[in-house]
Each structure stands twice: as C-alpha cells, then as structure tokens.
Amino acid sequence: MWSWDFTFKILPQLLDTLWITISATIAAFAVAMIGGLILAFARRSTFRLLSWVTYAFIEFIRTTPPLVQLYVIFYVLPRYGLSLSPFTAGVIGLGIHYSTYLSEVYRAGIDSVPRGQWEAATALNFSPLQKWKTIILPQAIRPVVPVMGNYLIVMLKETPMLSAITLVELLGRAQIIGSNTFRYLEPITLVGLFFLVLSYSASRLVIRLEKRMNINHHGKMDAAA
Amino acid sequence: MFLRTSLYYQAFDGGVIPISVYAQIFPQLLEGAFVTIQLLILSAILGFLLSFLGGIGRLSRIDPIRWISGFFVEFLRGTSLLVQLFWLFYALPLLGIKLAPGLAGILALSLNYGAYGSEVVRGAIQSIPKGQTEAAIALNMTPRQQMWHVILPQAFRTMLPSFGNLFIELLKGTALVSLITIPDMTFEASAMRTNIEANTPEIFTLLLLMYFVIGYPLTLATRWLERRFSVGRL
C-alpha cells in the first residue's frame, strides 16, 4: 500500500528530473515551430517536386508512430555515422513529428490572411522577405497562437516516450526507482500527478497568452510584429 | 490474450537459407501487426463507447454525474498515455489488482482516447442549435427521445471526422504498448533489433512502412468523411 515515508524519500529524485522533462518539451517545441514553418513554405513552393516531396514527408511522418521514429533516430542513424545523445535524439524526433502538425497550423494561418494584404504588399513593392516578415506572418500567426499552445501541451505529454530511448526524464526516473525498490506505486503515481500539474499550468499559460494577444489586438503595441 | 504461432528468433538461428533480409523480418512483423490491429479495434470500440459516456455525462443536468465525468476526462487528458499505461501495468498490481498486459494496454488506450473522444462528443452536441431541442420539447419528447432522435443523429455527422483523426492517433498510440511487453509490431521489431543488430535499418524501415500501410487508408477515409459531411453545411 501507499507509503508516505517512501513518497517523501523519492520526491527529490523525481523533482531532479522535472527540468529534463520541461527542457525537452521546450526544445522539441522550438524544433517543431521552426520545422513547421520550413515545411509550410516548402509545401507552398511553386517548384512542384519540392512541394510534392514535402507533402509526402508530412503524410508519412504524421501516419507513423513517434516512438518508432525515435527508435530510427536513436538506433539507426548511428549506423550511418550520426550518434546522438538520448536528449538530442528525443528533441529532434518529437520536434520533427510535431513539425508536420504545426506546418498545417501555419498553413491555416497563412490562408486566413485576406487577399488584400498580399496585394497591398505587392503594390508597395515589398520584397518577398519584407512581405512575409512584416505583413503576412505577423497576421498569420496571431490567430493560431492558441492552437500552437495546445500542441505545446500535447508534446509535453509525449515526453515520457523519451524514456524508451534511455532518456532519464520523469517516467524514466520513476522506472529506475521502481526496479531498484520493487515499489512502482508511489513513483508512477507521482509522475502522473506531476504531469497533471504541468499540463494544467501550461494550459492556464496558453489561455493567458490568448487573452493578452486579444487585448493587444485592440491596443497600441504589436508584440508579434 | 494474444496468440503467437511461432517462436521468437527461430528464423535467425542459422541463417542457412540466403533469402533477403526483408523476407526474414516481414513474417515476424506481420505477427505483430495482427496484435496491433486487434488492439486498435478493441480499444477503438471501447474508447468510442467511453466517449459517449464521458461526453454526455459532462452535459448531464445531474450535478454529481457532471462532476465525476468532468474529473475523469480532465484527469485522463492531463496525465500522459504512457504514464497511465505504466500505472496500470506496474503500479496497480501493488494495490492487489493484476491485469494481463493486453488488458492493461486496451484499458489505458481506450480510457485515454475515450477522454479525448468525449470532448469531441460534447463539442458536437453543443454545436447543435438550441432551436432543435426546443422543437423536440414542443413535440413533447422525453429527454431520452430528444437525445436519440433529434440531437445525436445531427451531432454524429460533426463527430465523424474528429473520430477519424483520433483513430489514427490511436493507431500511433498502440506502439507504446510494446513498452509493457505486449507483442505488437513495435515490440517484435525491438526484439529483432536486439537479436540481429546488423539489420536494424531494415527492421525499422519495414516497421514504419507497415504502420503507414495500416494508417494511410485511415487518413484517406477521414479526409473523405470530412468532405462528405461538410457538403450542405454552413
């Protein structure tokens, strides 16, 4: 049954790995944000082959399990001379998987920018870089910020998977404690509670961000630009 | 619970017959594929039922039912699938309830995706205009009749594409059960990897392709549903 002594004994050990879970989430999300933007652009390319290959890549990655993709990065790439640490492999693997989701989010945002804005950019003789940086992207990203926030939370809940490629994050640590002491109840329950707290606070954060951006919408400052 | 017809590493013992690597790997992955598909179907059915239970429960007029379903849905959505899987497999036996790995896998998958599904059900029901309920009340329908004959048939159309997406997510989620020793496709691949390490690239390439072959028809079907049910909508 549940032992509080044991709970308090293992709590510091689990807290030690909390930051690994958090930093893996943030790093993987950053990879997904950048990767998603690249994929969204490549998909829009007028160069047919690039657009088609990107489409195929997105479909393939989205349909296959992230766990298997992590195995490929962690166990197959070293055979071709690319050995990555569990953390790096995990961040890249999760990041790439979710970049395919975020590319769709970017696409929806870009499609929602009214035609007149594109025409205005052309009429003002903006270079493509200026057009995207100052006109299209700031307007495309704002409405999809809540969706992106949700993907951050989804990715947080995917990080326990990284224990399968030997990264000692929250769940990995809980498993180690379990196999050393034969007590799995407390560590795994605690990990569940940690995730509940983490994902709840992350969702509060996303709601706050959403509200703030709406206020900005009517206000003076333009944070996204 | 899952039947296996051959022994694990039989095919790789001697390596006498010089057939291609893929021909060696494929049969074993195929065995795992049957387990993956069994898991997928059983968890989908159970998860589908739980979605309605949770979704309708959260809209109940009776407070305790609403609170309990709300608690379960938020709890299952807030913790992570793999953590739930490990909890059922490693922690629950210490409370005296020992589940077979297959049962723990199906339970975790259907509870987790059922929780996401119940949000789909709830959202779809709430998207039905109030006038529909009012008309049903005017026709003197009981609450149950309102739900079954007026609300759900309309809401169901809205739910289908989202359920399709969840079904694909569920397929990808089944790979996680390999970590609690269920011999699904990913488990077979991992087992083969430790045995014939030299063929790791072939094993995982074939594994990815097999997931794609199972999953892509589901993606196409979901797109079709999206188009089919967006016709004639506002």
Side-chain angles (χ1 to χ4, degrees), chain A residues 1-3 21 56 59-80 97 101 153-164 170-172 174-175 178-179 182-203, chain B residues 36 74-96 112 116 165 168-179 184-186 189-190 193-194 197-205 207-220 223:
Chain A
M1 284 295 130
W2 188 277
S3 146
T21 292
E59 295 286 276
F60 189 79
I61 297 293
R62 278 181 73 130
T63 318
T64 48
L67 178 65
V68 180
Q69 291 161 7
L70 288 173
Y71 283 159
V72 169
I73 292 172
F74 193 64
Y75 292 120
V76 177
L77 289 189
R79 302 193 160 266
Y80 300 100
H97 189 82
Y101 286 81
I153 301 167
V154 171
M155 288 177 76
L156 165 72
K157 287 180 282 187
E158 294 282 58
T159 55
M161 205 187 283
L162 304 188
S163 64
L170 272 172
L171 187 64
Q175 243 185 315
S179 60
F182 301 105
R183 295 204 60 108
Y184 283 98
L185 180 63
E186 293 87 350
I188 297 181
T189 308
L190 281 177
V191 171
L193 292 176
F194 276 141
F195 272 98
L196 205 59
V197 172
L198 282 177
S199 58
Y200 182 74
S201 10
S203 71
Chain B
T36 293
E74 289 309 324
F75 187 81
L76 290 167
R77 275 166 24 114
T79 53
S80 159
L81 171 61
L82 188 59
V83 177
Q84 291 158 14
L85 210 53
F86 275 33
W87 198 84
L88 289 181
F89 187 71
Y90 289 111
L92 200 58
L94 296 165
L95 292 173
N112 189 272
Y116 285 96
N165 283 327
I168 299 160
E169 294 297 320
L170 176 64
L171 167 67
K172 296 194 290 184
T174 59
L176 294 179
V177 303
S178 63
L179 300 172
D184 78 323
M185 262 201 311
T186 307
S190 306
R193 185 187 70 81
T194 44
E197 241 201 305
N199 292 329
T200 305
E202 289 86 355
I203 295 169
F204 284 121
T205 307
L207 179 63
L208 279 175
L209 283 174
M210 287 175 75
Y211 272 111
F212 188 71
V213 167
I214 301 173
Y216 203 55
L218 301 175
T219 305
L220 294 178
R223 301 250 166 89

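What you are looking at is a predicted structure, and each value in this text was computed from that prediction instead of being measured. Every heavy atom of this structure was used, including side-chain atoms; hydrogens, water molecules and symmetry mates were not. Residue numbers start from 1 in every chain, and the chains themselves are labelled A, B, ... in the order their sequence lines are given, proteins ahead of strands.
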Atom [atom1] of [X] and atom [atom2] of [Y]: how far apart are they, to the nearest 0.5 Å?
X	Y	atom1	atom2	value
B/L171	B/T36	CG	OG1	7.5 Å
B/N112	B/T79	CG	OG1	7.0 Å
B/K172	A/R62	NZ	CZ	7.0 Å
A/E158	A/I153	CD	CD1	13.0 Å

Option in [options] with maximal non-hydrogen atom pairs under 4.5 Å from chain A:
options	result
B/I214, B/L95, B/L92, B/L207	B/L95
B/L208, B/L176, B/I168	B/L208
B/M185, B/E169, B/M210	B/E169

Quiz item: Considering only heavy atoms, which portion of A/Y200 lies under 4.5 Å from any heavy atom of chain B: side chain, backbone, both, or neither?
Solution: neither
Need one label for [X]: side chain, backbone, both or neither, based on atoms under 4.5 Å from any heavy atom in chain A.
X	answer
B/L179	side chain
B/S190	side chain
B/T205	neither
B/F89	neither

Less than 3.5 Å apart, which donor and acceptor atoms pair up between the side chains of residues 186-196 of chain A and the rest of the protein, not counting sequence neighbours?
residue	atom	partner	partner atom	Å
A/E186	OE1	A/R183	NE	3.1
A/E186	OE1	A/R183	NH2	3.4
A/E186	OE2	A/S3	N	2.9
A/E186	OE2	A/R183	NE	3.3
A/E186	OE2	A/R183	NH2	2.5
A/T189	OG1	A/L185	O	2.5
A/T189	OG1	B/W87	NE1	2.7

Self-check item: A/P160 vs B/F86 side-chain heavy atoms within contact, under 4.5 Å
Solution: no
Output side-chain donor-acceptor pairs under 3.5 Å for residues 197-204 of chain B, partner residues at least two apart or in another chain, one line each.
residue	atom	partner	partner atom	Å
B/T200	OG1	B/E197	O	2.5

Practice problem: Determine the option with the most heavy-atom pairs under 4.5 angstrom with chain B, choosing from A/W2, A/Y71, A/Y80, A/F182. | Solution: A/Y71
